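Input: a single structure, listed below in structure tokens.
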2 protein chains.
Amino acid sequence: MRKAKIPDVVVRRLPLYLRAVEDFDRREHVIVSSKELGDFTGLTSAQVRKDLTLFGEFGKQGIGYDVKFLRTQLRDILRLSTDVHIGLVGFGNLGQALVHYHVDARSRPRTRFSVSPDRLRIVAAFDVDPDKIGRVYAGVPIFHIDELAEKAQEYGLKIMVNAVPAEHAQEVVDHAVRAGIRAILNFAPVTLTVPDTVKLHSADLTLELQSLAYYAE
Amino acid sequence: MRKAKIPDVVVRRLPLYLRAVEDFDRREHVIVSSKELGDFTGLTSAQVRKDLTLFGEFGKQGIGYDVKFLRTQLRDILRLSTDVHIGLVGFGNLGQALVHYHVDARSRPRTRFSVSPDRLRIVAAFDVDPDKIGRVYAGVPIFHIDELAEKAQEYGLKIMVNAVPAEHAQEVVDHAVRAGIRAILNFAPVTLTVPDTVKLHSADLTLELQSLAYYAE
């Protein structure tokens, strides 16, 4: 029911607010204004206020938001107050980079701008290469893709990251959906189909670069 | 002037239309309707028509769009009818994966859903690791980051892909802006600042995963 009420575009901004409020928390601010949140995230203060009122009245008129309270609320809303286990399908160059990216982000010292380690964890990977299966890479065990459904249950996988080549992307996604996964981050440069009950985000680098070409001098 | 007129959100959809129309072209369709384009891209036919009329009247009422003409127009608008040279900063795991991703996408046989090879090419990479500098990886030479401005000119770099760790991301972007780069794709999980004249897209995987957590069961 909650899902039906919050527009996707707002859900996409919540992690930005969380990042901002965690930064203010690290700098020991007790209160943060919608203007400060807007400056940090690149949004207008009106947009910030509008988005955050969707979840109830966190802020006080003319005072601002209680930093720790807002942080807790945002983490709860995003379901990041408990561990979220992620499965990675496709352990080629991109898959390995994603594990590193993730591990690095978690272990990196907190600087002004760095993301805080959070509860998102890649806990299992899947591939078809016999040389990879059975190995453990940066703490992440690699299984055969045929074990996806079984391991999804065993490891409590909630999100699947799809890093296989384009031609296998749809079958992997179908496999994940059958395994009960309801949130998928796709890297393959293809348009994929999922049921309405499944949320699919695409990090399609080709599309990103193509739209950037428009702005290149 | 053209830039001021087309909203960013439409520019972001243009590569989707291009991908669709290239697929129809491969399947030797001569005419494509807004409904077919909508089905392929996951948009409504009304949205498709509205977006495409921004660039003039490509379609004919009740008939549809000429596939080859629309393909050419979209490529021209996105400036993909000539080579677009991309520089990659940060040649760690992610950087290497991006080169592979890119090379793979270009050399992969065209299937129903695969992206066609296009004019976007990573032609130079930059790092600070002496073990990497001077090497050539999958056809891409690696230079010291201090050579960025010089090589940007020499190689005609139009887009910069930023794959350095979060704590160095802002300085790299500042460096690229000074070198005259006007379009940047950032992978570092940080909020970066660029002048109004520079277009910055972020492929922030942490934010993607955090917003997906909201939808995870």
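Computed from heavy atoms alone, side chains included, the values below leave out hydrogens, waters and symmetry copies. Remember, predicted model here, so these are calculated numbers, not experimental data.
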Nearest-0.5 Å distance, [atom1] of residue [X] to [atom2] of residue [Y]:
X	Y	atom1	atom2	result
B/Tyr215	A/Leu200	OH	CG	12.0 Å
B/Leu94	A/Gln96	CG	CD	12.5 Å
B/His201	A/Leu212	NE2	CG	4.5 Å
A/Tyr214	B/Arg12	OH	CZ	13.5 Å
A/Leu209	B/Leu78	CG	CG	12.0 Å
A/Asn186	B/Glu208	CG	CD	10.5 Å

Atom group of A/Val161 that falls short of 4.5 Å from chain B, counting heavy atoms =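 The side chain, not the backbone.
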Would you mind checking which part of A/Leu192 comes under 4.5 Å of any heavy atom in chain B, side chain (CB onward), backbone (N, CA, C, O), both or neither?
->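 Contact with chain B involves no heavy atom of A/Leu192 at all.
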What residues, two or more places apart in sequence or in another chain, satisfy side chain to side chain donor-acceptor pair (under 3.5 Å) together with B/Arg135?
->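 Once residues adjacent in sequence are excluded, B/Arg135 has no partner under the side chain to side chain donor-acceptor pair (under 3.5 Å) criterion.
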Residues in side chain to side chain donor-acceptor pair (under 3.5 Å) with B/Gln153, at least two apart?
->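 Here no residue qualifies.
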For chain B, find which of A/Ile159, A/Val84, A/Val198 contributes the most heavy-atom pairs closer than 4.5 angstrom.
->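 Highest number of heavy-atom pairs under 4.5 Å: A/Ile159.
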Indicate yes or no for a side-chain donor-acceptor contact from A/Arg79 to the backbone of B/Ala216 under 3.5 Å, with no hydrogens or angles considered.
->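 Yes, A/Arg79 side chain to B/Ala216 backbone: donor-acceptor pair under 3.5 Å.
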Heavy-atom check, side chain of A/Leu205 versus side chain of B/Leu98, under 4.5 Å =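 When only atoms from C-beta onward are counted, B/Leu98 and A/Leu205 do touch, with a gap below 4.5 Å.
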Given side chains that start at C-beta, do those of A/Leu14 and B/Gln210 come closer than 4.5 Å, heavy atoms only?
->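 A/Leu14 does not reach B/Gln210 side chain to side chain.
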Write down the atom of A/Pro15, the atom of B/Ser211, and the distance for their closest heavy-atom approach.
->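 A/Pro15 and B/Ser211 have their closest heavy atoms at CG-N, 3.7 Å.
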